[in-house]
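Have a look at the structure below, then the notes.
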Amino acid sequence: MSYVSEILPPLLQGAVVSVELFVITLVLSLPLGLPFAFGEMSRFRPIRWICKVFVFVFRGTPLMLQLFFFYFFFPLALNIDIPAFPAAVLTFVLNYAAYFAEIYRGGILSIDRGQYEAAHSLGLSKAQTTFGIIIPQAMRVVLPPVSNEAITLVKDTALASVISMSEMMRVSEGIVNRDYNLTAYVVAAAIYLFFTFILTLVLNHVEAHFSTYTRKEN
Amino acid sequence: MSAILEMKNINKYFGDFHALKDINFSVEDGETAAIIGPSGSGKSTLLRCINCLTKITTGSITLNGKTFVDTPEGGAAKYIPDKELKSVISQTGMVFQHFNLFPHMTCLENVIYAPIKVKKVPKDKAVKRAEELLDLVGMLEHKDQYPEMISGGQKQRVAIARGLAMDPEIMLFDEPTSALDPEITGEVLNVMKSLSEQHVTMIVVTHEMGFAREVADKVAFMNQGELLETGTSEEIFTQPKSQRLQDFLSSMIR
């Protein structure tokens, strides 16, 4: 037990980095997915193709490889210095935006054509239709898959260890190698589980809020 | 009385399919017009051309004195710019076969949304007007319910209130009772009948022959993309001229 209390502070420090990466990624990639989703459905072929290629590339290559690209290759090619954390944020945001774009696209396509026709017949503008009618309904459809991605992201943050970012996975790896003791992995697993547990509770709450259109309470 | 809607030489092609064949159709202010005919005859297509849900291939349409689409000699139909077109469209209200209420809004919110967003009516005024309209269609007590919670007939009555809330010059009904149980079509037809009695200009695409006969001032019969006969309900139902209309009516009455 005293060993656990000895390794806990550095692990928690790593956990803070993991959570930071998680939160920043989510906050930036959730909105960023939307323009890509609409871009993929754009009438303008160049925009459509750019967005499709973006999604194709980021969904079609390993996240780890993308991390290497933005951490090692990108700085070399542009002759700039990108520290691990911003490199990881950039990679994760783009990668998750690509996934969210596809989820959003599916949600938007699931909305019945009659909704657009009703909006049209009432004289609503494109923007009013999109933001007032379509997106609020698509929200309900996309929430379960988005929640799923959010849970995946908790665990994906561990991948940032490959670019020497001292998030929780890398910290626990260091402790295991130093002490020849696997306890750090067990503790890290418990902390990951704790995060996903809290996140699941939050997401369930959000989903329940959007899941049905019933009589307004209170 | 003057024509509030005038459609001239309307042709519509979907690819090679000639859906509307040189149709001339007009509706007077305050009139109730019914469009009848077999399925696939182009009734709904004709109705949807009036608020630009479907764009015509050639012809001209004038609504409330504004010609929003016209066709130069030998050319294709040319619409006025989108922005002006929007204001023409907002002079029409439409009721759909499948209601198309916004499921994420309560009945009241469904009715006030467009007046507030499009016409910039202050919210309290919009609510007051919406409550009057919901009362008119007998749905005031359900105003805070979501569409999911109410029956098809109730949804359609809310949809009628939503259409009326924009104070349209003309109301378009696209088979408003076709998706309803026969038992509850009456509640929707009664609302429409009372609108007709209040001289709301309306065009109703319908399979309800009883309604067309009793309520419509003018009845148009369409068959295979052609407007075969137009007349008073008396003329259409008691003295049908074409063999096709006679056959259609006898098959509908059975």
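Every chain is numbered from 1, with letters handed out A, B, ... down the list of sequences.
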Quiz item: Non-hydrogen atoms of chain A under 4.5 Å away: do they reach the side chain of Leu101(B), the backbone, both or neither?
Solution: backbone
Exercise. Please confirm whether the backbone N or O of Ser125(A) pairs with a side-chain atom of Lys86(B), one donor and one acceptor, at under 3.5 Å?
Key: no
Quiz item: Are side-chain heavy atoms of Phe96(B) and Ser121(A) found at a separation under 4.5 Å?
Solution: yes
Quiz prompt | Inter-residue atom distance Phe102(B).CZ - Ile134(A).CD1, 0.5 Å rounding | solution = 8.0 Å
Quiz item: Should the heavy atoms of other residues, nucleotides or ligands under 6.0 Å from CZ of Phe69(A) be counted, would the total exceed 12?
Solution: yes
Quiz item: With a cut-off of 6.0 Å (strictly less than), are more than 12 heavy atoms of other residues, nucleotides or ligands near NZ of Lys117(B)?
Solution: no
Self-check item: Check: Asn51(B) main-chain N/O paired with His120(A) side-chain donor or acceptor under 3.5 Å
Solution: yes
Quiz item: Among residues 28-57 of chain A, which ones touch chain B with a heavy-atom distance under 4.5 Å?
Solution: none
Self-check item: Close side-chain approach of Arg140(A) to Pro103(B), heavy-atom, < 4.5 Å
Solution: no
Quiz item: Looking only at heavy atoms, which two atoms of Gly123(A) and Ser90(B) are closest? And how far apart?
Solution: CA-CB, 4.4 Å
Exercise. Determine yes or no for a side-chain-to-main-chain donor-acceptor pair under 3.5 angstrom, with Asn100(B) supplying the side chain and Gly114(A) the backbone.
Key: yes
Practice problem: Would you mind telling me which of Ala114(B), Gly163(B), Pro115(B), Gly93(B) has the largest number of heavy-atom pairs within less than 4.5 Å of chain A? | Solution: Ala114(B)
Quiz item: Can you check whether His98(B) reaches Asp112(A) side chain to side chain, under 4.5 Å on heavy atoms?
Solution: no
Self-check item: Side chain Gln137(A), main chain His104(B), donor-acceptor under 3.5 Å
Solution: no
Self-check item: Between Met139(A), Glu117(A), Arg113(A), the one whose heavy-atom pairs under 4.5 Å with chain B are most numerous
Solution: Glu117(A)
Quiz item: Counting only heavy atoms not in Lys119(B), do more than 12 sit closer than 6.0 Å to its NZ atom?
Solution: yes
Quiz item: Contact part of Arg48(B) toward chain A, heavy-atom cut-off under 4.5 Å: side chain, backbone, both or neither?
Solution: side chain
Quiz prompt | Residue pair Leu122(A), Ile89(B): steps toward the side chain to side chain contact (heavy atoms under 4.5 Å, CB included) verdict | solution = CA-CA 8 Å; Leu122(A) 289 167; Ile89(B) 291 168; over 6 Å; no
Quiz item: Looking at Met166(B), Gln97(B), Arg162(B), which makes the most heavy-atom pairs under 4.5 Å with chain A?
Solution: Arg162(B)
